Amino acid sequence: MNIQISKDAAAWYKEELGLSNGDYLRFFARYGGCSNVQSGFSLGVSNEEPINLAVKKEAEGIIFYIEEKDEWYFDEHDLVVELPAGSDEPVIEYKKATL
């Protein structure tokens, strides 16, 4: 499992959430909503420091990460976050992880 985040998407989170260089942004499983990987759950984000990192990716000075306790949610998929041209918010995709 990996996190792939575009420069534009990282900059969007940084601006939208008022993050500074060196801050952390956690992606986590939250109850409710829907996703392509887990029925009844959706992806949440929060600005907090990690406890038990499973995977991380630094972009635009921000450390994006997933905790070990949330790995189940991704079901062996990579998290891909992009900000398409003309879009107001990032688009989340889950792509089957390759070895």
Side-chain angles (χ1 to χ4, degrees):
M1 175 179 63
N2 290 303
I3 298 172
Q4 300 171 29
I5 185 161
S6 72
K7 180 178 178 179
D8 290 340
W12 183 91
Y13 280 110
K14 189 173 184 177
E15 182 178 332
E16 189 73 17
L17 300 176
L19 303 174
S20 300
N21 287 347
D23 281 350
Y24 293 90
L25 188 75
R26 176 181 171 207
F27 292 108
F28 65 94
R30 72 178 186 163
Y31 184 70
C34 63
S35 77
N36 297 352
V37 290
Q38 297 293 342
S39 180
F41 292 86
S42 58
L43 189 67
V45 297
S46 65
N47 176 14
E48 60 186 89
E49 291 193 21
I51 298 170
N52 291 310
L53 278 173
V55 63
K56 70 177 181 174
K57 173 72 175 189
E58 186 171 346
E60 296 297 297
I62 306 303
I63 300 161
F64 297 86
Y65 73 96
I66 297 166
E67 290 277 357
E68 288 178 359
K69 68 182 179 180
D70 291 313
E71 282 184 287
W72 66 270
Y73 171 80
F74 297 91
D75 190 30
E76 298 181 11
H77 287 76
D78 289 342
L79 175 63
V80 180
V81 186
E82 297 179 340
L83 184 67
S87 182
D88 292 336
E89 59 187 47
V91 172
I92 305 293
E93 290 185 68
Y94 305 94
K95 293 189 178 178
K96 193 69 173 170
T98 57
L99 298 178

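Since the structure is predicted, the reported quantities are computational estimates derived from the model, not experimental observations.
Taken to the nearest 0.5 Å, the CG atom of D70 stands 12.5 Å off from the CZ atom of R30. K57 contributes atom NZ, which lies 12.0 Å from atom CG of L79 (distance to the nearest 0.5 angstrom).
For D88 against L83, the heavy-atom pair with the smallest separation is C-CD1, 4.5 Å. What you find for I3 and K56 is that their closest heavy atoms are CD1-CA, 4.4 Å. In plain terms, the two heavy atoms of S20 and D23 that are nearest each other are N-OD2, 2.8 Å. Across H77 and M1, no two heavy atoms sit closer than the pair O-CG, 3.4 Å. Taking all atoms of both residues into account, the shortest heavy-atom contact from Y73 to S42 is OH-C, 3.5 Å. Considering all non-hydrogen atoms of both residues, Y65 and E48 come closest at OH-O, 2.7 Å.
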Audit row: I92, L43, side-chain contact (heavy atoms from CB on, under 4.5 Å) steps and yes/no: CA-CA 9 Å; I92 305 293; L43 189 67; 3.9 Å; yes
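In this structure the side chain of Y13 never reaches within 4.5 angstrom of the side chain of I62, judged on heavy atoms. Residues N52 and K69 form no side-chain contact, since every pair of their non-hydrogen atoms from C-beta on lies 4.5 Å or further apart.
Ring geometry for F27 versus F64: interplanar angle under 30°, hence parallel rather than tilted (30 to 60°).
In this structure, L53 is not a member of the same hydrophobic cluster as L25, with clusters built from ILVMFWY side-chain heavy atoms closer than 4.5 Å. The hydrophobic cluster containing V45 does not contain I63, counting ILVMFWY residues as joined when their side-chain heavy atoms lie under 4.5 angstrom apart, directly or transitively. In the hydrophobic clustering of this structure, V91 does not group with I5; members are Ile, Leu, Val, Met, Phe, Trp, Tyr whose side-chain heavy atoms approach within less than 4.5 Å, directly or through other members. In the hydrophobic clustering of ILVMFWY residues, with side-chain heavy atoms under 4.5 Å counting as a link, L17 and Y24 come out apart.
Judged by distance alone, the side chain of K14 and the main-chain N or O of E60 form a donor-acceptor pair under 3.5 Å. The closest donor-acceptor contact from the side chain of E68 to the backbone of A54 lies at 3.5 Å or more, if one exists at all. Without hydrogens or angle criteria, D78 side chain to K95 main chain gives no donor-acceptor distance under 3.5 Å.
More than 12 heavy atoms of other residues, nucleotides or ligands lie within 6.0 Å of CD in E71, so this atom counts as buried by the packing criterion.
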